[in-house]
Novice: 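Here it is, the structure in full.
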Amino acid sequence: AQETYFPIIAKGFSHQFWQAVKLGAESAAERNGVSITFEGPNTEAEIDKQTDILNAAIAKKPQGLGFAALDSQAQVPALQKAADAGIPIVAFDSGVESDLPLTTCTTDNMAAAAAGADGLAKAIGEEGEVAAVIHDQTSATGIGRRDGFLNRLAEAYPNITVVDVQYANDALKATETIKAILQAHPNLKGIFASNEGAAIGLAVALKETGSGIVGVGFDSGKTQKDAVRAGELLGSITQNPVGIGECVVDSLAKALAGETLPTTIDTGFYWYDATNMDSPEIAAVLYD
Amino acid sequence: MTETTLAPAAPEKTGFLTVATLQKAVAFVVLILLLGFFSLFAPNFAQWSNMVNIMQATAVNGVLGVAVTFVIISAGIDLSVGTMMTLTAVIAGLILTNAGLPLPFGVVGAMLFGGFMGAISGACIAKLKIPPFIATLGMMQIARGLALVFSGAKPIYFNDTPSYYYISSGSVITRLIPGLEVPNGVLVMFGVAIAAAVILNRSILGRYIFALGSNEEAARLSGVNVDMWKIVTYGLSGLICGVGGLLISSRLNSAQPALGLGYELDAIAAAVIGGTSLSGGRGTILGTIIGAFIMSVLTNGLRVMGVQEEWKIVITGIIIIAAVYVDTVLRKKA
Amino acid sequence: MTETTLAPAAPEKTGFLTVATLQKAVAFVVLILLLGFFSLFAPNFAQWSNMVNIMQATAVNGVLGVAVTFVIISAGIDLSVGTMMTLTAVIAGLILTNAGLPLPFGVVGAMLFGGFMGAISGACIAKLKIPPFIATLGMMQIARGLALVFSGAKPIYFNDTPSYYYISSGSVITRLIPGLEVPNGVLVMFGVAIAAAVILNRSILGRYIFALGSNEEAARLSGVNVDMWKIVTYGLSGLICGVGGLLISSRLNSAQPALGLGYELDAIAAAVIGGTSLSGGRGTILGTIIGAFIMSVLTNGLRVMGVQEEWKIVITGIIIIAAVYVDTVLRKKA
Amino acid sequence: MNVHDHSLDPKPVVELLGIEKSFPGVRALHNAHFDLRRGEVHALMGENGAGKSTLMKVLTGVYQPDAGEIRVDDAVVAMHSPQLAQGMGISIIHQELFLMNHLTAAQNIFIGREPRRGMGLFVDEAKMKADAAAIFRRMKVDIDPAGEVGEMTVARQQLVEIAKALSYEARVLVMDEPTSALNGTEVEHLFEIIRDLKAQGVGIVYITHKMDEVKRIADRITVMRDGEFIETLPAAETPMSTVISLMVGRELTDHTRASGAGAGEEVLRVSGLNRGSIIRDVSFALRKGEILGFAGLMGAGRTEVARAVFGADPVDAGEIRVHGKPCRIASPRDAVARGIAYLSEDRKHFGLVTGMSVRDNITMASWTRFTQNRIWMKDGALAEVAKEYVARLKVKTPTIAQETRLLSGGNQQKVVIAKWLLRDCDILIFDEPTRGIDVGAKSEIYEMLKELARQGKAIIVISSELEEILRLSQRILVMCEGRITGEIDGATATQESIMTLATQRDSEAA
Ligand SMILES: Nc1ncnc2c1ncn2[C@@H]1O[C@H](COP(=O)(O)OP(=O)(O)OP(=O)(O)O)[C@@H](O)[C@H]1O
Ligand SMILES: Nc1ncnc2c1ncn2[C@@H]1O[C@H](COP(=O)(O)OP(=O)(O)OP(=O)(O)O)[C@@H](O)[C@H]1O
Ligand SMILES: [Mg+2]
Ligand SMILES: [Mg+2]
């Protein structure tokens with residue numbers, strides 16, 4: 001019989017986060033005895049390119065499809081083609097506004113970022129000026145994490161003012177951006193960085209300026225983990241990307257086996273800092 | 001005095017699909033080679049549904065390639081085609097969704113706005129003597145920023161204008177010939193290409209574009225209004241980007257304000273692979289369309305083969321170089 | 001019979017910092033204007049610590065700008081400088097972290113590898129007659145893909161080579177003159193610039209780079225080994241990208257394989273703002289460094305002012321055009 | 001005056017035998033022979049497109065012949081690159097300038113073989129400049145070795161090319177129309193150098209369309225026609241009329257001088273034209289039906305005046321009246337719209353769109369007249385007029401679709417002339433209209449200019465050839481250092497009277 005094959009289409013592939021998802025998907029594929037490919041566009045803006053990837057994947061007549069939609073609406077018609085061809089679909093990372101996917105292995109960016117806001121707020125005594133550096137102004141992940149952070153602060157911490165929100169899509173640009181923010185706001189007490197690249201930039205900027213303010217990151221990666229461990233960053237949030245990858249492949253395998261799936265599977269997120277990052281539960285979801 | 005030797009007249013190069021043009025468009029050979037290769041080695045590649053995928057994936061890049069071909073033949077460059085496409089898509093969104101006007105307003109508005117912004121690039125180049133690379137690099141940023149400003153950095157959906165989706169993704173052809181499912185977007189691309197080829201080869205604008213690209217100073221000293229024609233050329237490029245904006249936003253049923261960066265390099269690559277000379281004065285629309293097809297066949301084929309993403313990037317780089325090499329060699333032989 | 005009139009001899013343009021060079025580098029005026037503007041309107045902008053920020057933010061783009069300046073003067077273009085920087089950083093990581101060799105191997109290895117890859121671009125251009133735009137566009141993809149392949153698409157950290165961090169972020173100057181805290185990365189940039197200026201203005205290679213950019217055919221007919229010197233030029237560009245790779249990876253203490261796309265346009269913009277002509281034959285290293293400073297002052301100033309992201313993009317676009325415009329106007333007057 | 005050295009070594013240094021060379025659609029050379037001896041000046045003559053430049057490019061390794069033999073010192077060689085030719089002591093001054101505009105004169109002269117220092121890595125600029133200065137001194141020209149070539153006039157650029165060829169210390173020197181942009185003085189200096197070189201035993205191939213030059217310096221003359229060898233003659237015994245009839249295959253009618261009659265109403269008046277120190281207070285008038293000559297030495301400012309009137313360059317001050325009406329001419333477009341045409345002295349850069357066809361070049365200034373609804377080109381009509389002008393000017397081209405860069409120099413010039421004839425302006429400014437044009441075609445162009453004047457056109461001719469000025473002009477304006485130093489009636493003008501005015505410098509006038 002023909003080998004079971006699932007194309008997994010992510011929002012990107014070169015970022016650490018997506019590489020970790022890929023890792024999870026690959027290990028689950030091995031476990032389930034299926035083959036996968038893992039693809040994604042260059043940036044989270046290239047929605048049409050992702051649609052082309054999706055179309056090429058459907059052309060291969062796969063047995064299942066994992067899809068992390070860059071836009072919750074725009075790609076529904078393309079997914080419809082897959083559904084019409086009888087291909088089971090599992091959405092991941094963020095959902096689509098449609099009931100085509102059998103399930104969504106999701107992670108709540110808003111809630112995760114809110115946890116970061118809580119951590120930051122507590123560390124600065126729930127008052128003072130803070131700023132945020134977001135990795136992307138328009139993507140679902142970027143918007144979710146930004147708004148989760150800002151909304152939580154606005155709701156729960158009236159004495160904290162957000163003096164600046166800027167955007168930087170790589171570690172170097174994040175470094176320069178954060179240094180400029182520190183320059184402009186000498187009274188700043190804390191900064192939130194919304195992905196691994198931004199968090200590396202945060203760590204480098206704090207080191208270079210010798211600033212002692214509170215930094216909170218997102219995702220994982222060696223630089224960030226080292227900085228958290230060394231106390232240079234207060235802490236960070238991680239979303240268990242490996243778990244997401246496993247969930248996608250496992251769900252597809254279950255669907256083929258005829259199991260019914262819940263509409264969403266929350267893979268969760270975790271706040272980690274120097275105190276808990278070596279606990280087995282946290283260490284398992286961190287990656288280098 | 002002795003007679004001038006008159007060898008048999010060479011065929012004149014004018015039409016879109018004359019033998020001479022086809023001979024020139026040797027990129028075609030590369031395209032056939034790629035199609036052949038993938039048909040053999042990529043399972044499920046050679047199916048009509050996948051050909052439709054490829055055509056659809058070519059539409060936007062093909063249209064942007066046509067836009068930039070005009071400019072490149074005039075010895076300029078347009079780095080703003082990608083973000084200009086995005087900006088015009090956002091304008092269409094503003095007109096149709098935010099202002100709620102009927103479809104034709106959106107279509108015409110997006111194109112005119114593209115033409116207007118292109119003309120501004122052209123004016124910077126012609127009047128302020130800014131090098132095209134810089135003027136359009138600046139415009140690339142301006143268009144990108146304005147797309148975010150106008151859209152509030154959020155996608156604008158066209159849900160209120162259901163017919164919008166048909167610009168790109170419906171299929172007039174299927175209605176005429178059931179079973180032959182060619183999306184409208186592809187027809188639009190071919191339509192733009194034919195119109196562009198006619199303009200380039202038959203109109204006075206096209207003639208001036210070639211003259212500008214070959215020797216601008218000689219054209220100026222012949223009394224040609226060089227400045228005006230430059231502005232018109234960039235304006236035309238912007239207008240065609242407007243068509244690109246309509247295509248992509250119709251396909252995604254939304255104007256995505258962050259999209260577009262990097263598309264300019266693909267468009268330029270399509271033109272150059274198709275034999276347009278970056279030093280100006282030489283190029284064909286047919287070549288550009290073939291160039292765009294080469295790029296999407298390559299991308300699609302590698303995807304269908306399931307090549308690892310990072311290797312896909314490496315191979316794409318190699319094939320772009322190889323395609324132009326084959327083109328150079330064949331051109332010399334021709 | 002009477003003598004023909006002799007115009008007063010023009011001042012000589014040779015050195016890195018002669019009056020003539022400075023006069024040419026009118027981009028300087030734009031830089032001063034920008035600094036003045038932000039000092040007035042951006043709170044806390046005009047502080048030494050921020051000047052250090054700006055210098056440090058200039059280092060990478062300045063070095064890449066120098067790399068591409070050589071190529072542009074030779075009438076070529078190098079779109080691969082950004083991803084080549086990334087690739088060389090990854091190579092340094094492989095040598096130092098994965099193979100565990102001592103620091104000098106990593107430094108030299110990264111630069112040589114960059115030079116080697118650059119020479120491949122050069123060979124495609126010189127021997128296969130691929131237009132530089134396409135050859136380096138292909139190389140941009142190849143380098144990007146290889147960076148991902150070699151690194152396994154994961155950052156490589158330099159934690160085992162603690163001294164690596166000092167290449168970019170230590171400060172030799174502070175040790176000599178306590179209080180004057182200028183990071184090494186900035187020194188490296190100036191060192192590269194001075195070496196590059198000497199090569200460009202004094203060496204045989206520099207002479208041939210200008211000759212290639214002015215009239216390649218004339219150089220060829222005069223017996224210049226045009227092909228070889230092109231390869232050397234692109235090789236040199238790649239080698240300097242290697243320095244850029246060391247700078248960025250040392251600063252981030254890791255080689256980030258996904259970074260680098262888009263850096264080429266900044267580098268080219270720095271060169272052109274600094275007065276290098278995209279049609280070849282004209283350009284200075286000093287101008288490029290000033291151009292790079294203009295870009296980072298602009299970015300830093302807008303960030304310190306806290307201008308909204310989308311407007312920041314628009315303003316950057318406008319200022320790039322304006323800077324080149326001022327340059328054009330002043331140059332004409334000079 | 002003629003220098004004929006009769007103690008010539010009869011054994012040739014280089015020999016070209018039965019050379020064949022074809023380009024797509026054109027047979028440029030067919031059974032061409034040529035040989036050159038030590039210490040002789042061998043003139044190579046022929047009409048435009050006869051194959052002279054091509055033959056010399058074959059000799060110097062730029063082109064490979066399809067058949068035939070090249071012998072150097074009696075040995076057959078495969079001349080596969082320019083470097084090889086240089087290595088054998090054969091160097092060439094190309095008809096079209098091959099200079100690097102952004103480099104200085106010295107840098108251009110020594111490109112590829114710079115004096116070096118610092119382990120061979122660095123250029124010894126000082127030595128290079130000194131060496132270049134020495135060559136310029138020898139040529140008795142005042143060119144700054146550190147001046148950028150792109151800023152120089154065509155004449156100076158040509159001198160730099162000559163200096164470059166001299167610097168090779170070659171034993172065979174090919175000069176392809178070296179004086180086409182030069183004036184009397186420079187030509188004299190060049191001839192002195194040629195005599196020196198001869199004395200040193202250098203063999204010189206000299207290509208020109210100027211008969212008087214041939215008469216003065218050539219030892220032997222080889223005539224080519226349609227790519228074929230016709231005859232080699234000793235210069236001393238052969239009358240020029242024989243050479244000309246061999247070249248064109250028939251006798252030429254003798255030329256008459258222009259008369260002052262026939263001038264009508266004033267069509268152009270320029271007053272108080274100023275631009276820096278290049279154009280100083282230039283005023284003149286031009287009448288319907290007349291040919292006004294502009295004479296002067298190299299760099300006198302004639303081209304600059306013409307460009308200023310044409311709107312190609314901005315001016316500081318000055319008024320221009322066309323048909324009595326003052327008008328602002330800010331661009332060539334304004335000028336053409338008011339009926340002024342300008343034929344540039346530099347056809348390669350300012351005259352031709354070399355990448356486009358003969359048809360498009362001829363019609364370029366008139367495209368707007370050949371459109372439908374002012375948008376669509378009537379290509380059929382374009383082709384028709386282009387063919388008409390190709391026939392009328394006897395442009396040698398395989399088809400009107402041929403790219404102009406593939407034409408011989410003289411035929412390119414004809415294409416540019418055709419462009420302006422077709423545009424049918426009232427005021428024609430012709431800057432060096434016969435540069436690179438052969439004798440036969442030249443007299444045809446002279447007749448054409450006279451005919452145009454008779455038809456009521458007003459014509460300005462700028463020329464460095466006094467012959468030409470004298471033959472054509474009803475009035476002659478002489479310029480020196482940007483000023484008009486005098487006006488002479490064409491009927492009474494002599495070379496001497498022109499030269500006196502042309503050298504009337506400020507210092508001498510004061
Ligand atoms: N590269 C080329 N491709 C096609 N045709 C060419 C090329 N070079 C020269 N020809 C043709 O070969 C013929 C001889 O040209 P050539 O330049 O040798 O003439 P010439 O005797 O030097 O004329 P002139 O006096 O005008 O300089 C011409 O018809 C010309 O159009
Ligand atoms: N772009 C320029 N910048 C500065 N000086 C120039 C420029 N062009 C020409 N000149 C100078 O202007 C003067 C007049 O040059 P012009 O070309 O008008 O002379 P001409 O009488 O036409 O002589 P010819 O054409 O024989 O060289 C010369 O001294 C020349 O060096
Ligand atoms: Mg010739
Ligand atoms: Mg002149």
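As the structure is a computational prediction, the values presented were derived from the model and not from experiment.
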Novice: Picking from C:Leu265, C:Ile320, C:Ile315, C:Ile319, which has the most non-hydrogen pairs under 4.5 angstrom with chain B?
Specialist: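 Heavy-atom pairs under 4.5 Å are most numerous for C:Leu265.
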Novice: Under 4.5 Å, counting heavy-atom pairs only, tell me which of C:Thr316, C:Leu148, C:Ile321 racks up the most with chain B.
Specialist: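 The candidate making the most pairs under 4.5 Å is C:Ile321.
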Novice: Apply the test side-chain contact (heavy atoms from CB on, under 4.5 Å) to residues C:Arg144 and B:Val314: give CA-CA distance (whole Å), side-chain angles for both, the deciding distance (0.1 Å), then the verdict.
Specialist: CA-CA 7 Å; C:Arg144 179 158 162 258; B:Val314 175; over 6 Å; no
Novice: Can you tell me which portion of C:Ile268 sits under 4.5 Å from chain B's heavy atoms? Options are side chain, backbone, both or neither.
Specialist: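 Side chain of C:Ile268 only, per the 4.5 Å heavy-atom cut-off to chain B.
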Novice: How close do B:Val272 and C:Pro131 get, heavy atom to heavy atom, and via which atoms?
Specialist: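 Here B:Val272 and C:Pro131 meet closest at CG1-CG, 4.3 Å.
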Novice: Check whether C:Ile134 gets within reach of chain B through its side chain, its backbone, both or neither, counting any heavy atom under 4.5 Å.
Specialist: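 For C:Ile134, heavy atoms of backbone and side chain both lie under 4.5 Å from chain B.
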Novice: Can you name the nearest heavy-atom pair linking C:Ala269 to B:Leu137, along with the distance?
Specialist: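 Reported closest heavy-atom pair: CB-CD2, 3.6 Å.
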Novice: Measure C:Met139 against the heavy atoms of chain B and call it side chain, backbone, both or neither at under 4.5 Å.
Specialist: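 Contact with chain B is through the backbone of C:Met139 alone.
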Novice: For C:Gln141 and B:Gly317, work out which heavy atoms get closest and say how close.
Specialist: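 Scanning both residues, the minimum pair turns out to be CB-CA, 3.6 Å.
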